[in-house]
Amino acid sequence: MDFKHVSVLLDETITGLNIKPDGIYVDGTLGGGGHAYEVLKRLSPKGRLIGIDQDGEALKAAGERLKEFENQVTLVRDNYCEIGRVLKELNIEKVDGIVLDIGVSSYQLDNLERGFSYKSDAPLDMRMDTRQELTAADVVNTYSENELFNIIKDYGEDKFAKNIAKHIVLARKDKPLETTQELSNVIKRAIPMKVQAKGGHPAKKTFQAIRIEVNRELTVLKESIDKMIEHLNPDGRICIITFHSLEDRIVKMKFRENENPCTCPPDFPVCVCGKESKGRVVTRKPIIPSEEEINVNKRAKSSKLRIFERC
């Protein structure tokens, strides 16, 4: 299938980057190349874009989309958490802007073979990087009941997490859970019918939680933001789009810490910890999509954009 992904908050992100025509920019979650294409349109021939994605199919699709800028683009198959090593290998110390569009792409959701969706039957996979060993099937069939409970509770924020974890462990005693439909059916049995009748798909939150665990999404995000800010030139900006409250909370916290890293007690008359601000938070409140964008792309509804500028 063709790699299709509609870039959310596109205009807001491009405006937020405050692009310098001769600058160097990094798209750490390249996807289909939507944000990258708009960045490249605004660069002079001296400008450059580094596109990073752990999904080989995404890189191939982005390469085709960005072909007209091939002399200004470098594509790298990796996780954005490795930005330091990627830039070092390219002999780049600092960049003028970074874009992250966190989460699963429309292509990954719609490509049933990847096992991200609960809407049809497919192998339990959910790997964004198909080179890694851990799959959703491994999580579902080898994690303890308590581990599953914590993942579904923390990453899925599902109030039925305890019962879902219990049902998964009971079901896998007969045979390993191997497909998305098998897992979805188990989850349905764990949630009261009256609840299912009111809400969305009963498996949505659990699938999200397992996907986050498989790809270490929150851990990677939390560990990467400080490093990315360090690699920004003065006045360089990082724009991060999230789709989940836990992701947005991490971005908000990390941006605030970099703006005001002081660890001195509030009653100290002067700072003695010596930690200096790395810049400023541009977006005191997250930028959210317009009603018009949501009408065109329903998946944009939960997206939030936050921006930080290096000093």
Qualifying salt bridge (Lys or Arg N to Asp or Glu O under 4.0 Å) pairs with a residue from residues 280-291, counting only residues at least two apart or across chains: E259-R284, R280-E309

Identify whether L90 and I52 are in the same connected component of the hydrophobic contact network (ILVMFWY, side-chain heavy atoms under 4.5 Å). yes

Under the side-chain hydrogen bond (donor to acceptor under 3.5 Å, both in side chains) test, residues paired with N141 that sit two or more places apart: none

What closest approach, in Å, do Y80 and M228 show between heavy atoms, and which atom pair accounts for it? CD1-CE, 3.4 Å

Closest approach of R127 to T130 (non-hydrogen atoms, all atoms of both residues): NH1-O, 3.0 Å

With clusters defined by side-chain heavy atoms of hydrophobic residues (ILVMFWY) lying less than 4.5 Å apart, directly or transitively, does I92 cluster with I98? yes

Taking only residues at least two apart or on different chains, which pairs with a member in residues 34-49 satisfy salt bridge (Lys or Arg N to Asp or Glu O under 4.0 Å)? E38-K41, E38-R42

Following the transitive rule for hydrophobic clusters with a side-chain heavy-atom cut-off under 4.5 Å over Ile, Leu, Val, Met, Phe, Trp and Tyr, establish whether L134 and L218 coincide in one cluster. yes

Could you work out, with salt bridge (charged side-chain N to carboxylate O under 4.0 Å, His left out) as the rule, every residue matching K278, not counting sequence neighbours? E230

Just wondering, are more than 12 heavy atoms of other shown residues or ligands nearer than 6.0 Å to NZ in K20? yes

Partners of T15 by side chain to side chain contact (heavy atoms under 4.5 Å, CB included), sequence neighbours excluded? none

I'd like to know if the side chain of T13 and the backbone of L9 have a donor-acceptor N/O pair within less than 3.5 Å. yes

Return the set of residues passing side-chain hydrogen bond (donor to acceptor under 3.5 Å, both in side chains) with T283 (not counting sequence neighbours), or none when no residue passes. none

Of all pairs that satisfy salt bridge (Lys or Arg N to Asp or Glu O under 4.0 Å), the ones with a partner from residues 78-95, not counting sequence neighbours: D78-R85, E82-R85, R85-E89

Validation row: E293, L10 side chains within 4.5 angstrom (heavy atoms): no

Check the angle between the aromatic planes of F69 and Y37 and answer parallel, tilted or perpendicular using the 30° and 60° thresholds. perpendicular

Salt bridge (charged side-chain N to carboxylate O under 4.0 Å, His left out) against E147, all qualifying residues, sequence neighbours excluded: none

Closest non-hydrogen atom pair between E133 and D138, with its separation: O-OD2, 3.4 Å

Contact summary for T263 and K275, nearest pair of heavy atoms: CG2-NZ, 3.6 Å

Donor-acceptor contacts, no H, no angles, side chain residues 149-161, under 3.5 Å, sequence neighbours left out:
| from | atom 1 | to | atom 2 | distance (Å) |
| --- | --- | --- | --- | --- |
| N150 | ND2 | N146 | O | 3.2 |
| E157 | OE1 | S245 | OG | 3.2 |
| D158 | OD1 | F160 | N | 2.8 |

Strictly by ring-ring contact (aromatic ring centres under 6.0 Å, His included), give each pair with a member in residues 118-142 just once, sequence neighbours left out. Y118-H201, Y118-F207

Enumerate donor-acceptor pairs with a distance under 3.5 Å from any side-chain N or O in residues 266-273 to protein atoms, sequence neighbours excluded.
none

ring-ring contact (aromatic ring centres under 6.0 Å, His included) against Y25, all qualifying residues, sequence neighbours excluded: none

